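Residue numbers start at 1 and run along the sequence shown. None of these values were measured; they are calculated from a predicted model. Counting starts at 1 for both ligands and their atoms, following the listed order.
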Amino acid sequence: MNKSLKYFTLSALGLICFSSCGDDGLTEADLSAPSGYALSAGTSTIFSTSSFAYDGEADWVVGELKKRFMRGDKLYDDARTSSNGYGGGLGPVYAGYSCGSCHRNAGRTKPALWEESEGSGAYGFSSMLVYVTRKNGVFFQDYGRVIHDQAIYGVQPEGKIKVQKHFQTFQFPDGEEYELCYPEYSISEWYADSIKPEDLFCSVRIPLRHVGMGQIMALDPNEIEALARKSNYPEWGISGRCNYIVERGQRRLGVGGNKAQHADLTVELGFSSDMGVTNSRYPEEICEGQRQIQQGSMMGLLYDELDISTKDMEDVDLYLQALGVPARRNVNNKTVRRGQELFFQAGCALCHATTLHTRPRGTTLLNGTQLPWLGNQTIHPYSDFLLHDMGSEIMGVGLNDNYVSGLARGNEWRTTPLWGIGLQEKVNGHTYFLHDGRARNFTEAIMWHGGEAEASKNKFKNMSRTDRHALVRFLESL
Ligand code: HEC
Ligand code: HEC
């Protein structure tokens with residue numbers, strides 16, 4: 001971020017600014033907590049703490065916009081069927097039957113990883129996406145990028161997903177214990193060629209919270225690129241970089257997805273790749289070219305018509321972009337304030353950046369609708385939207401998934417925005433974190449940080465029990 005801009009913002013908040021600059025460009029202000037950050041997303045901030053806190057519209061959504069928001073919400077949540085026409089088009093193979101089946105209440109549906117039945121439920125390995133490649137990075141022709149472990153009547157799912165959990169207990173220097181779990185996935189019952197485990201890389205993802213989707217889409221790419229230039233703190237071992245996506249001849253900055261592999265809201269991709277719902281951007285069935293189709297068993301199930309219109313998708317897009325961002329809670333609580341100081345002192349904010357800005361003009365949706373309200377806002381997403389090497393050491397694997405997305409390598413992940421994270425338990429009934437949900441609480445999520453985040457993680461590790469608790473209380477207030 002541009003320094004003068006930052007000082008301007010800080011002074012506007014009535015704070016005293018430090019200007020002592022270290023050799024590496026880090027200032028004291030980078031490592032200490034500013035106050036007054038409760039309004040997470042400017043005019044889109046809402047004050048809900050209920051289980052619908054992620055799913056409510058911003059205050060500016062009124063009149064016609066509100067009608068379209070409600071319509072988008074419905075299209076997002078309604079279970080699709082395999083019939084032709086409105087609300088249909090599901091499959092033939094799919095991973096989820098509605099957007100909301102995976103992103104319950106615009107959050108993260110409880111991952112099957114931690115369900116009692118572990119994937120043997122009615123909806124298969126529900127709510128997670130399993131990306132597969134050969135060890136040399138090439139996709140399997142018969143399967144594509146994502147395993148569709150569900151299918152409509154008469155069609156064979158692409159495979160069955162299984163997980164084996166490995167547990168290990170560790171100790172903080174003060175003696176308190178914590179346990180980490182590494183989930184190892186395998187796939188059986190492949191519908192076509194069986195792929196040998198030695199030739200398979202699986203990268204598993206749980207859904208992301210939609211909190212602040214509109215603001216993320218309205219981010220100013222220049223500000224993120226400036227942040228990437230600034231994000232180089234050798235004494236912390238941190239250096240973030242941008243992901244870029246080349247699609248339809250255009251090179252754009254990636255901001256969405258766990259590897260910043262999306263430059264846009266991916267509504268069309270969600271319908272196509274996750275649900276088999278064809279649309280103007282992805283007119284082919286996802287299983288097109290698969291052997292089961294060529295053999296004719298699915299022929300009667302494929303239709304020439306697109307399964308969803310651009311108008312419908314624009315309302316889903318509008319719904320996501322117009323969601324309110326829940327305000328922070330308990331900001332003046334003493335423990336929370338102490339936790340906030342520690343968050344800065346431990347260098348968490350060097351990646352989980354507190355303050356960014358949206359483009360002046362806001363956003364234009366798929367079909368041309370303008371959302372000027374998303375423009376010119378000061379926001380507090382707690383992310384730099386950059387890629388960081390998160391290490392491959394812990395339990396012999398770390399967070400490395402060996403999966404390449406654009407410029408992102410296996411060990412690189414986009415800093416997850418933390419706004420709204422404290423309400424995840426209320427909204428979705430669980431505290432599973434990280435890209436594949438392997439962490440069962442905040443402490444485990446932090447202790448999986450390695451690579452560029454090693455020094456920061458060690459600060460947390462070496463804190464007193466009381467301080468670690470305070471830092472977690474701060475995360476709960478986001
Ligand atoms: C099978 C489960 C599943 C279904 C169905 C699904 N998603 Fe997702 N979605 C995910 C997962 C998992 C991710 C994280 C993907 C990643 O990082 O690669 C994700 C990511 C996203 C993102 C990026 C979020 C961010 O913060 O950058 C958006 C937007 C999104 N989904 C919207 C949708 C919409 C709209 C639909 C319905 C049309 C949909 N999803 C259907 C599982 C699902
Ligand atoms: C080098 C950059 C970096 C630093 C420093 C860092 N993080 Fe992270 N953080 C990340 C990335 C990248 C992820 C996503 C990792 C994944 O999902 O595999 C993440 C994920 C998280 C998550 C899980 C979010 C979710 O919704 O799943 C939490 C919580 C978190 N960080 C808290 C912290 C705290 C607290 C600190 C300081 C002790 C910290 N982080 C330091 C980059 C960083």
If the cut-off is 4.0 Å to any non-hydrogen atom of [X], which atoms of ligand 2 fall inside it?
| X | answer |
| --- | --- |
| Cys351 | 1 (C), 2 (C), 3 (C), 4 (C), 5 (C), 43 (C) |
| Leu399 | 18 (O) |
| Arg209 | 25 (C), 26 (O) |
| Glu452 | 1 (C) |
| Arg108 | 25 (C), 26 (O), 27 (O) |
| Phe442 | 29 (C) |
| Gly347 | 5 (C) |
| His449 | 6 (C), 7 (N), 8 (Fe), 9 (N), 10 (C), 19 (C), 20 (C), 21 (C), 30 (C), 31 (N), 33 (C), 39 (C), 40 (N), 41 (C), 43 (C) |

Which of the atoms of ligand 1 are close to [X], meaning less than 4.0 Å from one of its heavy atoms?
| X | result |
| --- | --- |
| Tyr131 | 15 (C), 16 (C), 18 (O) |
| Ala95 | 1 (C) |
| Phe271 | 38 (C) |
| Gly257 | 17 (O), 25 (C), 27 (O) |
| Gly256 | 27 (O) |
| Ile206 | 12 (C), 14 (C) |
| Thr266 | 22 (C), 28 (C), 29 (C), 30 (C) |
| Gln261 | 16 (C), 17 (O), 18 (O) |

Assert yes or no for the condition that the ring centre distance of Phe271 to Tyr282 is strictly below 6.0 Å.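 No; Tyr282 has its ring centre 6.0 Å or more from that of Phe271.
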Look at the aromatic rings of Tyr432 and His430 and report parallel, tilted or perpendicular, splitting at 30° and 60°. parallel
Work out whether the distance between some heavy atom of [X] and some atom of ligand 1 is less than 4.0 Å.
| X | value |
| --- | --- |
| Pro417 | no |
| His210 | yes |
| Gln150 | no |

Taking the six-membered ring of Tyr131 (Phe, Tyr or Trp), confirm whether the NZ or CZ of Arg145 is under 6.0 Å from its centre and within 45° of its axis. no
Are any of the side-chain nitrogens in [X] or [Y] under 4.0 Å away from the carboxylate oxygens of its partner?
| X | Y | answer |
| --- | --- | --- |
| Glu247 | Arg281 | yes |
| Arg205 | Asp436 | no |
| Lys162 | Asp149 | no |
| Lys165 | Glu184 | no |

With a 4.0 Å cut-off on heavy atoms, is Arg414 touching ligand 2?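 Heavy atoms of Arg414 do come under 4.0 Å of ligand 2.
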Suppose we measure from [atom] to each protein heavy atom; which comes out shortest, and what is that distance?
| atom | answer |
| --- | --- |
| atom 7 (N) of ligand 1 | His103 NE2, 2.9 Å |
| atom 11 (C) of ligand 2 | Met390 CE, 3.5 Å |
| atom 14 (C) of ligand 2 | Thr416 OG1, 3.2 Å |

One residue to check: His262. Relative to ligand 1, which of side chain, backbone, both or neither has a non-hydrogen atom less than 4.0 Å away? neither
Just let me know how His148 lines up against ligand 1, side chain, backbone, both or neither, with a heavy-atom cut-off below 4.0 Å. neither
State whether a side-chain donor-acceptor pair under 3.5 Å links Tyr76 with His210.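 A donor-acceptor contact under 3.5 Å links the two side chains.
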Please determine whether salt bridge (Lys or Arg N to Asp or Glu O under 4.0 Å) holds for the pair Asp312 and Arg71, giving the CA-CA distance in whole Å, both sets of side-chain angles, and the decisive distance to 0.1 Å. CA-CA 8 Å; Asp312 284 355; Arg71 199 170 167 273; 2.6 Å; yes
Within-cut-off N or O pair, His435 and ligand 2, under 3.5 Å: yes
Quick check: does Leu434 get an N/O under 3.5 Å from an N/O on ligand 2? yes
Proximity of [X] to ligand 2 by residue part, where a heavy atom lies under 4.0 Å:
| X | answer |
| --- | --- |
| His352 | side chain |
| Leu418 | side chain |
| Ile421 | side chain |

Phe172 CZ: over 12 foreign heavy atoms closer than 6.0 Å: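 Counting other residues, nucleotides and ligands, CZ of Phe172 exceeds 12 neighbours.
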Nearest heavy atom to atom 12 (C) of ligand 2: which of Phe343, Phe344, Tyr233, Trp413 does it belong to?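 Result: the heavy atom closest to atom 12 (C) of ligand 2 is in Trp413.
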Nitrogen or oxygen of Ser98 less than 3.5 angstrom from that of ligand 1: no
Please say which of Phe460, Phe442, Phe170, Trp448 ends up in a ring-ring contact (aromatic ring centres under 6.0 Å, His included) with Tyr178. Phe170
